[in-house]
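None of these values were measured; they are calculated from a predicted model. In listed order, ligands and their atoms are each counted from 1.
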Amino acid sequence: MNWTMPFFCLLFIGRICNAATQGETIMAEPILSIEGVSFRYPNQSDYAVQNVSFIAERGEWLAIVGHNGSGKSTIARMLIGLLRPERGAIRLFGCLLDDTTVWEVRRRVGMVFQNPDNQFVGATVEDDIAFALENNGIPRAEMVERIREAIRQVHMEPFLHHEPHRLSGGQKQRVAIAGILALRPDMIILDEATSMLDPRGREEVLETVRRLNCQQRITVLSITHDLEEAAKADRIIVMNKGEVMAEGAPEHIFRLGSKLERIGLDLPFAVKMGSRLREQGIPLRAGYFTTEELVEELWTLYSKK
Ligand SMILES: Nc1ncnc2c1ncn2[C@@H]1O[C@H](COP(=O)(O)OP(=O)(O)OP(=O)(O)O)[C@@H](O)[C@H]1O
Ligand SMILES: [Mg+2]
């Protein structure tokens, strides 16, 4: 078999994708667009994902929330080409996701999974980050530089020669993120990446992702059950039984209140507390969804007395 053809095809597609994201007229195009996508697992009559459409802009933090089995992970698997839509199309960086573009897409879209223990192959943190770089044919001198940069970005420099399995859950997830960063991604997908962590580990990971999102404009797609976490996103997509039930800014989504509870989602404490206080006649302005914001508003009201 002649191996040069696929190699040049990939190179060509990579160039087109880069040109598409850098060219001025195409810059306004979303980084991700899902158009009428449906998917059924083999031998299943029900669709796991049905007629789902949404976009993500470059640099946006998009949260996908939904009850167990609502199709969130199936969407994530389709985005990195592990599953192929039965109907509809997925475009990333201006290119249709198909067999010819999937490898380039996987280099540019990194995914962090739920279980921090299932994603390490290296004996040390350094080896682990090097693994993906080796697989992508990065020359040794550049590898060293990229590993150093990636580990600095997640604030894990002192752990470079540690065994991944001895780290805390939050540290493990930050190493997993460093492995992705070393490949210089445009988008990170977190599939319940904080759900097995304690509050401190969760905050460490979210803080790291927030910094990358703000400073490097890496697009973030976070899949979560935790509406408190989703409240920090720019936009939320609510999934129910494989379909998009609602989409909008957190403030807009939290106004759905009991509709979210009816599909099995737990409203953040501050949203529930805020609506109870308003029912009691306390003149809170609408739309408080983080605990810090609610506390601040209560202090402001108290100090006006
Ligand atoms: N490998 C599989 N084979 C058959 N059906 C599957 C498979 N994986 C998932 N499903 C089904 O597809 C639907 C969507 O599952 P998916 O894992 O995408 O949901 P989810 O929203 O990620 O759920 P969770 O919050 O539990 O992670 C569910 O009904 C699930 O049972
Ligand atoms: Mg899932």
What is the nearest protein non-hydrogen atom to atom 21 (O) of ligand 1, stated with its residue, atom name and distance? Lys72 NZ, 2.8 Å

heavy-atom search around atom 28 (C) of ligand 1 in the protein gives Gly69 O, 3.6 Å

So, regarding Gly66 and ligand 1 (criterion: nitrogen or oxygen to nitrogen or oxygen, under 3.5 Å), is there a contact or not? no

Over 12 non-hydrogen atoms of neighbours within 6.0 angstrom of CZ in Phe54: yes

So, are Arg146 and Glu149 salt-bridged, with charged N and O less than 4.0 Å apart? no

Quick check on contacts: which atoms of ligand 1 are under 4.0 angstrom from a heavy atom of Ser70? 19 (O), 20 (P), 21 (O)

Residues Asp266, Lys272: salt bridge by 4.0 Å N-O rule: yes

Within ligand 1, which atoms have a heavy atom of Asn68 less than 4.0 Å away? 23 (O), 24 (P), 25 (O), 26 (O)

Are any of the N/O atoms on Ser73, whether in the backbone or the side chain, positioned under 3.5 angstrom from an N/O atom of ligand 1? yes

To which protein heavy atom is atom 15 (O) of ligand 1 closest, and what is the distance rounded to 0.1 Å? Thr74 OG1, 3.8 Å

Suppose I only count heavy atoms of His225 and a 4.0 Å limit; which atoms of ligand 1 are within that range? 25 (O)

Less than 4.0 Å between atom 30 (C) of ligand 1 and some protein heavy atom, yes or no? no

Nearest to atom 9 (C) of ligand 1, what protein heavy atom do you find, and at what distance? Tyr41 CE1, 3.4 Å

Note: Asp191-Lys72 ion pair, threshold 4.0 Å (strictly below): no

With the threshold set at 4.0 Å, does a side-chain nitrogen-carboxylate oxygen contact exist between Glu203 and Arg200? no

Any atom of ligand 1 sitting under 4.0 Å from a heavy atom of His67? yes

Nitrogen or oxygen of Ala48 less than 3.5 angstrom from that of ligand 1: no

Regarding Glu157 and Arg152, does a basic nitrogen lie under 4.0 Å from an acidic carboxylate oxygen? no

With Arg108 as the cation and Phe93 as the aromatic partner, state whether NZ or CZ is under 6.0 Å from the six-membered ring centre and within 45° of the axis. yes

Please check if atom CD in Glu296 has more than 12 non-hydrogen atoms from other residues, nucleotides or ligands closer than 6.0 Å. no

Has Thr74 got an N/O/S atom less than 2.8 Å from the Mg ion (ligand 2)? no

Any salt bridge linking Arg84 with Asp98? Criterion: basic side-chain nitrogen under 4.0 Å from a carboxylate oxygen. no

Can you find a protein heavy atom under 4.0 Å from atom 26 (O) of ligand 1? yes

Are the charged groups of Asp226 and Arg202 less than 4.0 angstrom apart, N to O? yes

Under 4.0 Å to a heavy atom of Gly71 - the qualifying atoms of ligand 1, by number: 14 (C), 18 (O), 19 (O), 20 (P), 21 (O)

